[in-house]
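The shown structure was predicted, so the numbers you read here are calculated from the model rather than taken from an experiment. Numbers restart at 1 for each chain; the letters A, B, ... are given by sequence-line order, proteins then strands.
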2 protein chains.
Amino acid sequence: MENSELLKLEEFLPYRLSVLSNTVSRGISAAYVDRFGLSIREWRIIAVLGRFPGLSAADIVKRTEMDKVAVSRAVARLIGDGRLERSLSDADKRRSVLVLSGEGKRLYDQISPMAKNYEERLLKCLGSEDQDRLSDILDNLQKQAIALRPSS
Amino acid sequence: MENSELLKLEEFLPYRLSVLSNTVSRGISAAYVDRFGLSIREWRIIAVLGRFPGLSAADIVKRTEMDKVAVSRAVARLIGDGRLERSLSDADKRRSVLVLSGEGKRLYDQISPMAKNYEERLLKCLGSEDQDRLSDILDNLQKQAIALRPSS
DNA sequence: ATAAATTAGTTACAGATGTAACGATTATAC
DNA sequence: GTATAATCGTTACATCTGTAACTAATTTAT
């Protein structure tokens with residue numbers, strides 16, 4: 001018989017979250033992002049700028065939970081690929097002002113509905129009550145995970 | 001007023017899963033894994049071998065959802081650090097037989113309870129009903145995410 | 001019995017990532 | 001007003017990661 005004290009990886013919440021998140025991210029990449037030559041991070045930046053044009057890199061950091069170096073690199077590539085345009089803030093010459101280019105907007109308009117559709121199909125396995133419950137649960141877990149961080 | 005058609009990243013399930021999983025993984029790393037000089041992947045291998053001694057690398061792949069290359073590399077490092085011991089299967093000389101060394105067992109015995117404790121504190125933000133519900137929901141989402149994979 | 005196909009695991013290479021250090025600009029303190 | 005500190009973003013470096021190619025052992029087919 002098995003010792004019930006042993007940690008069972010397949011029931012361990014952090015592990016399950018990691019596996020699920022990876023499966024989902026890969027699914028999205030394979031379905032919608034790879035074929036446009038976008039990384040997940042680039043796609044996230046497109047997504048926030050599609051909704052909030054003119055954000056600075058630091059604003060994107062706050063909105064995406066990405067590291068500032070990761071944002072810097074992804075933005076540099078997006079600009080290089082003609083998907084973003086950057087100018088400098090008049091008020092603060094350190095701050096960038098980022099907007100989607102025409103090409104970037106087209107990407108956003110194309111990928112956005114696909115992403116929503118993916119989410120819809122993913123959530124289809126849950127009843128609407130569970131969908132709502134999941135949302136609350138994720139909020140609570142996120143807050144708790146932050147509270148458990150050593151730095152907190 | 002805001003266009004409700006726009007994709008809101010902060011409500012987008014794949015994004016929320018990714019952020020939560022990262023926050024949790026980092027929390028665990030910072031709290032229990034970093035200070036033993038283990039990566040998350042090394043820790044996972046320790047965890048499965050603590051419960052199932054004698055697995056092969058391929059068995060670990062199946063049990064951890066890790067890539068075989070990632071397993072190969074993590075196992076090599078664990079052996080180099082004296083935390084694992086490897087022998088070859090008699091029946092099939094390609095297969096490795098992996099077991100924790102004394103040092104590996106001590107790590108397992110030390111980290112396992114800490115990991116469980118972390119999970120417990122994380123889940124404390126949910127009622128017991130929500131905890132059960134979450135488990136079911138994650139199972140369903142995982143199956144659905146696999147079903148939505150292009151390769152499926 | 002032998003050739004072809006499959007499996008286990010490693011290696012090689014390119015690209016991604018995290019951390020720390022950095023230059024430039026702005027804010028704060030005195 | 002000047003020195004100090006904080007902020008914005010980039011660069012450098014080491015490490016990690018994924019994909020594909022590879023060797024060795026085993027299985028399958030004939």
Side-chain angles (χ1 to χ4, degrees), chain A residues 18-19 21-23 25-30 33-35 37-45 49 54-81 84-98 149-151, chain B residues 18-19 21-23 25-30 33-35 37-45 49 54-81 84-98 149-151:
Chain A
S18 169
V19 171
S21 174
N22 282 339
T23 308
S25 282
R26 285 170 185 287
I28 290 183
S29 274
V33 181
D34 283 354
R35 60 165 137 144
L38 275 180
S39 70
I40 289 275
R41 289 170 152 168
E42 285 166 4
W43 155 240
R44 283 186 189 167
I45 289 175
L49 286 178
L55 295 182
S56 70
D59 295 332
I60 291 177
V61 166
K62 283 175 209 142
R63 289 202 169 271
T64 62
E65 297 282 327
M66 286 168 59
D67 182 81
K68 68 173 180 172
V69 178
V71 169
S72 172
R73 288 196 269 235
V75 164
R77 171 166 299 183
L78 286 167
I79 291 171
D81 292 344
L84 282 194
E85 284 162 11
R86 168 167 47 195
S87 52
L88 291 182
S89 165
D90 288 331
D92 182 343
K93 283 177 219 155
R94 294 169 306 182
R95 294 180 79 83
S96 52
V97 175
L98 301 166
R149 269 201 300 226
S151 56
Chain B
S18 169
V19 170
S21 174
N22 282 340
T23 308
S25 283
R26 285 169 184 286
I28 290 182
S29 275
V33 182
D34 284 352
R35 60 165 139 145
L38 277 179
S39 70
I40 290 275
R41 287 170 153 168
E42 286 166 5
W43 154 242
R44 283 186 189 166
I45 289 175
L49 286 178
L55 294 182
S56 71
D59 295 331
I60 291 177
V61 167
K62 283 173 208 141
R63 289 201 170 271
T64 62
E65 297 284 326
M66 285 168 59
D67 182 80
K68 69 172 179 171
V69 178
V71 169
S72 172
R73 288 197 270 235
V75 164
R77 170 165 300 184
L78 286 168
I79 292 172
D81 292 344
L84 280 193
E85 283 162 13
R86 168 168 45 195
S87 52
L88 290 183
S89 165
D90 289 331
D92 182 342
K93 284 176 220 155
R94 293 169 308 180
R95 295 180 78 84
S96 52
V97 175
L98 300 166
R149 268 201 301 227
S151 56

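One atom, CG of A/Asp92, and another, P of C/dA27, lie 6 Å apart when rounded to the nearest Å. Between the NZ atom of A/Lys93 and the C1' atom of C/dA24 there is a distance of 11 Å, given to the nearest Å.
In this structure, B/Thr23 contributes its side chain and B/Val19 its backbone to a donor-acceptor pair below 3.5 Å.
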- How far apart are the C-alpha atoms of A/Asp59 and A/Arg63, what are their side-chain angles, what is the distance that settles it, and do they pass the side chain to side chain contact (heavy atoms under 4.5 Å, CB included) test? CA-CA 6 Å; A/Asp59 295 332; A/Arg63 289 202 169 271; 5.5 Å; no

- Query: side chain to side chain contact (heavy atoms under 4.5 Å, CB included) between B/Leu38 and B/Leu78: does it pass, once the steps are laid out?
  - Reply: CA-CA 9 Å; B/Leu38 277 179; B/Leu78 286 168; 3.8 Å; yes

- What's the verdict on side chain to side chain contact (heavy atoms under 4.5 Å, CB included) for B/Asn22 and A/Glu65, showing C-alpha distance, side-chain angles and the deciding distance? CA-CA 10 Å; B/Asn22 282 340; A/Glu65 297 282 327; over 6 Å; no

- For A/Arg44 and B/Ser18, what are the C-alpha separation, side-chain angles and deciding distance, and is it a side-chain hydrogen bond (donor to acceptor under 3.5 Å, both in side chains)? CA-CA 12 Å; A/Arg44 283 186 189 167; B/Ser18 169; 2.9 Å; yes

- Query: How would nucleotides 10-19 of chain C be written as a contact map, 5' to 3', with B for base contact, S for sugar-phosphate-only contact and - for no contact, using protein heavy atoms under 4.0 Å?
  - Reply: BBB---SBBB

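If you find the closest nucleotide of DNA chain D to A/Val97 and to B/Asp90, the one lying nearer the 5' end belongs to A/Val97.
Across all their heavy atoms, A/Ser21 and B/Ser21 have their closest contact at CB-CB, 4.0 Å.
Counting 5' to 3', DNA chain D first comes under 4.0 angstrom of a heavy atom of chain A and last does so at the ends given by D/dA6 to D/dG18.
Between A/Arg95 and A/Ser56, the side chains place a donor N or O and an acceptor N or O closer than 3.5 Å (distance only, hydrogens not considered).
When each of A/Leu98, A/Leu49, A/Val61 is tested with A/Leu55 by the rule side chain to side chain contact (heavy atoms under 4.5 Å, CB included), just one qualifies, namely A/Leu49.
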